[in-house]
Every structure is written in structure tokens, then in C-alpha cells.
Amino acid sequence: MMNQRLKKSRNAIVAIAAIAALALAGCSAQNGGGDKTDAGGKDAKSSFSNVSIVVPADPGGGWDQTGRTMAKVLTEDKIVKTAPVTNVGGAGGTIGLAQLATEKDPATLMVNGLVMVGAIETNASNVRLEDTTPIARLTDEPLVVVVPADSKYKDLKSLVEDIVDKGQAITVTGGSAGGADHILAGLLLDAAGVKSADIPAKLNYTPNAGGGEAVSLILGGKVAAGISGVGEFQQHIEAGKMRALAVSSEKPVEQLPDVPTITDAGYDVVLTNWRGVIAPGDISDADRAELERIVTEMHDSEAWKKELETKGWADAFLTGSELDSFVKQNISDVQGTLKNIGLI
């Protein structure tokens, strides 16, 4: 969720999504249950023995980790029989989102989160989060700003000051354009005194469709710095291949106890990246309730709790009307932030 201090091609997306939809053809209609209708035409209780999980990003990033961790827990704990994972990357998740709009299998869960909220705005997506069915918010994770281990930047201040001074000469990589990583980079420049209207021209941000690509760019010395979730970079930091400059949470994180917060580093910025799951927008109330039941059972399992601890994800579980309200507010917050820092 976003701290209150954080004061466009349509045809291409649709065409790519139509092609990408073929990739999931084998994932649909796999359930022995699903919607049932009684003699009076009312929905009876739904029951899904299988679910399909769609990760709207390339392998290696936080969404991919989330989707595959869900599949592991759901199947190993026998909550469902199968939970195949399909990656449909591109455009901050909006290609996958456009595909979800035509998905006929109600037992489909797509990973989403703050990144998608921002990408919908910056990509001017004609399919929006409001066109889907929110199922659950799962986790909340701080971001971390890193540089290669041999970088000249020893702290966040030296990096930010260099970007302010040299602009496009300093490249920063992260997730999709308009996503949490991009927003954080913009907020850092805003906090450093760069005018909002000047941030897009000043910030040389290289987006990518998955955490694996960002890691390659950073370790290969192709960029000056990178931003992503702590869990995506943690092993490289611990292996001494990356240097963590600061985390975006209010307090230092348990996985990186010696890394200062961005606030402690001198910039009044706090931002955390939530992740959750959504379903097709036209499913019945009974189908939504069944998906919520499945995800809730997963959340309550000891296996999921262990995964949260191992990956350093904060439990941010939310469903139902409270989730609906959260998503509505988050969309409004992100729109405001992107405008304030000149990204839309």
C-alpha cells in the first residue's frame, strides 16, 4: 500500500493478447465443478478441483515467485488437484490483463498488484483492474535499491545526486514502466528536489518484464542501479554480487538488517509493493466465493506461513468488500502519484 507522503498502444496490446490467449487454451475448462444452476435458475455452490494460475510477467520476478509459490502450496496441501502456472509477460501485466478479459474458465487466478495498477495508467490500457474480480491481497513487500558490488556508489545519496546532476547518463532498471520500481525512482528524484515536470526527462529508467532480466543487467554492469522487491535481489546481495543502498519501508527489514531505509538515507519516501490475485470479471458470486475459499485455505496453511517467512513477504491478506475498497483507493492513489511525479 502507498504511504500518504507520496504526494500511453491500445491496438498492440489487444493484438498481442489475442495471440497470447492461445497459450492458455489448455488451461481452461479443467474443472470437474464450477458454476451449477438449480431448477430456479439460481447459482448453487461452486466447487473447483483445479485452478489455473496466470503470471502476467516473464519468469524470475516477484509475480512469478508468487504464482509458483501459490501453486506449490495449493497442490502439496491438496487444496486443489492441479494448479498449472502460465507466464504471459509484457506491458506491466496489461497484456495478460487483456487476455483475462476473454477468459472463459472461472477457476482462473491472475497474479497482480501495485505494478499492474501503475502500468494500466502508463500503458493507457483499455482493460482495467475494475473490469476484473478481486479475490485476495496476499503480500506486501518493501523495495530495495541496489548497485553492482563493484559500483562507485556506496550510499543512496551519491547515486541520487549523480542522477540529478547527469540525468540520462545514469541508467536505472526495474520492473514495468509505471510500476512500483519506476514510481520509487521518480519519488526519489521528487524528494531530491527535481521538479515533477522534469522527472521523465531526467530519469533514464529501463523497464523489464521480469526480475531475471533486471538481475542480468545489474550483474552485467549494463546499468548503474536497480530497484525491485527485497526477495528478488536478496540472494545476490547476500552472495556479495550486489550492494544494497536502501530499502523503501518505514523500518529496516529483517532480511537486510544493516541496510538503511530511504528515509534514514535522507529522502522522505516510503513505498511498499502489494501483490494479490484477481479472477475474470464476469464470474458469478458463487465462483468468487469458491476462489476466495481456496485462497483463504492456502493463506491459513502452515506451508504458506513458512513461505512468507522464507521469502520475507509480509502477510497482507485481504478479501471481500475490504479488498474492493482497498483496490479502489489504491488506483486513486497511484493515479495521483504518477501525475505528481510527471509519469502520466
Side-chain angles (χ1 to χ4, degrees), residues 1-14 16-17 56-57 61-63 89-98 100-101 112-132 134 143 145 160 163-164 167-168 170-209 214 225-229 248 262 267-276 278 326-344:
M1 78 186 61
M2 189 174 300
N3 189 285
Q4 292 193 357
R5 289 178 288 181
L6 313 177
K7 305 230 176 155
K8 254 136 322 188
S9 125
R10 174 176 177 178
N11 291 337
I13 289 177
V14 173
I16 295 172
W63 280 352
T94 57
I95 292 176
L97 183 64
L100 188 68
N112 77 314
L114 178 59
V115 170
M116 183 178 286
V117 177
I120 287 170
E121 304 301 331
T122 57
N123 287 282
S125 174
N126 63 309
V127 179
R128 300 184 56 83
L129 207 54
E130 296 94 326
D131 301 320
T132 71
L143 308 177
V145 182
V160 173
I163 296 174
V164 173
Q168 293 286 315
I170 310 299
T171 306
V172 178
T173 193
S176 304
D181 308 338
H182 196 180
I183 290 174
L184 181 59
L187 288 170
L188 282 170
L189 296 190
D190 181 61
V194 178
K195 294 181 179 179
S196 297
D198 296 334
I199 290 176
K202 180 75 70 172
L203 178 61
N204 186 352
Y205 183 83
T206 300
N208 58 79
I227 302 174
S228 193
S248 66
I262 291 175
Y267 302 95
D268 189 18
V269 175
V270 175
L271 179 69
T272 55
N273 184 18
W274 66 270
R275 300 189 181 104
I278 55 179
F326 166 79
V327 171
K328 182 179 180 179
Q329 185 63 52
N330 193 242
I331 291 171
S332 177
D333 289 344
V334 169
Q335 289 172 333
T337 299
L338 289 172
K339 289 178 182 178
N340 288 340
I341 60 178
L343 296 183
I344 60 172

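All values reported here derive from a predicted model rather than from experimental measurement. These numbers come from the heavy atoms of this one structure, side chains and all, not from hydrogens, waters or symmetry mates.
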Subject >> Chi angles and distances behind the side-chain contact (heavy atoms from CB on, under 4.5 Å) call for S196, D190 >> reply: CA-CA 6 Å; S196 297; D190 181 61; 3.9 Å; yes
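- With hydrogens and angles disregarded, a donor-acceptor distance shorter than 3.5 Å links the side chain of D181 to the backbone of G175.
- Between the side chain of T173 and the main chain of T206, a donor-acceptor pair closer than 3.5 Å is present.
- A distance of 8.5 Å separates CD1 in I341 from CG in L189, rounded to the nearest 0.5 Å.
- The CD atom of E121 lies 4.5 Å from the CZ atom of R128; values are rounded to the nearest 0.5 Å.
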Original post:
So T171 and N204, side chain to side chain donor-acceptor pair (under 3.5 Å) or not? Walk me through it.
Top reply: CA-CA 5 Å; T171 306; N204 186 352; 3.2 Å; yes
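- G96 and P56 get closest at one heavy-atom pair: CA-CB, 4.2 Å.
- Heavy-atom minimum distance, I199 versus G186: CD1-O, 3.6 Å.
- Put simply, the side chain of T94 does not reach to within 4.5 Å of the side chain of V127, judged on heavy atoms.
- The two residues Y205 and H182 have their closest heavy-atom pair at OH-N, 3.4 Å.
- Taking all atoms of both residues into account, the shortest heavy-atom contact from V115 to A180 is CG2-N, 3.8 Å.
- Here the CD1-CG distance, from I331 to L114, works out to 11.0 Å after rounding to the nearest 0.5 Å.
- With hydrogens and angles disregarded, a donor-acceptor distance shorter than 3.5 Å links the side chain of N340 to the backbone of G336.
- In this structure a side-chain-to-backbone donor-acceptor pair under 3.5 Å is missing from K202 to I163.
- Atom CG of N208 and atom OG of S228 lie 8.0 Å apart (nearest 0.5 Å).
- At least one side-chain heavy atom of I183 sits less than 4.5 Å from a side-chain heavy atom of L338.
- Put simply, CD1 on I227 and CG on L184 are 4.5 Å apart, with the number rounded to the nearest 0.5 Å.
- Between W274 and F326, the angle of the ring planes goes over 60°, which puts this pair in the perpendicular group of the 30/60° scheme.
- Interatomic distance, N112 CG to L97 CG, rounded to the nearest 0.5 Å: 8.5 Å.
- T122 contributes a side-chain N or O that, together with a main-chain N or O of A177, makes up a donor-acceptor pair within less than 3.5 Å.
- Proximity of a side-chain donor or acceptor of N123 to a complementary backbone N or O of A119 within less than 3.5 Å is detected.
- Scanning all heavy atoms of the two residues, the minimum distance from V160 to L188 falls at CG1-O, 4.3 Å.
- Closest non-hydrogen pair, G113 versus W63, comes out as N-CZ2, 3.9 Å.
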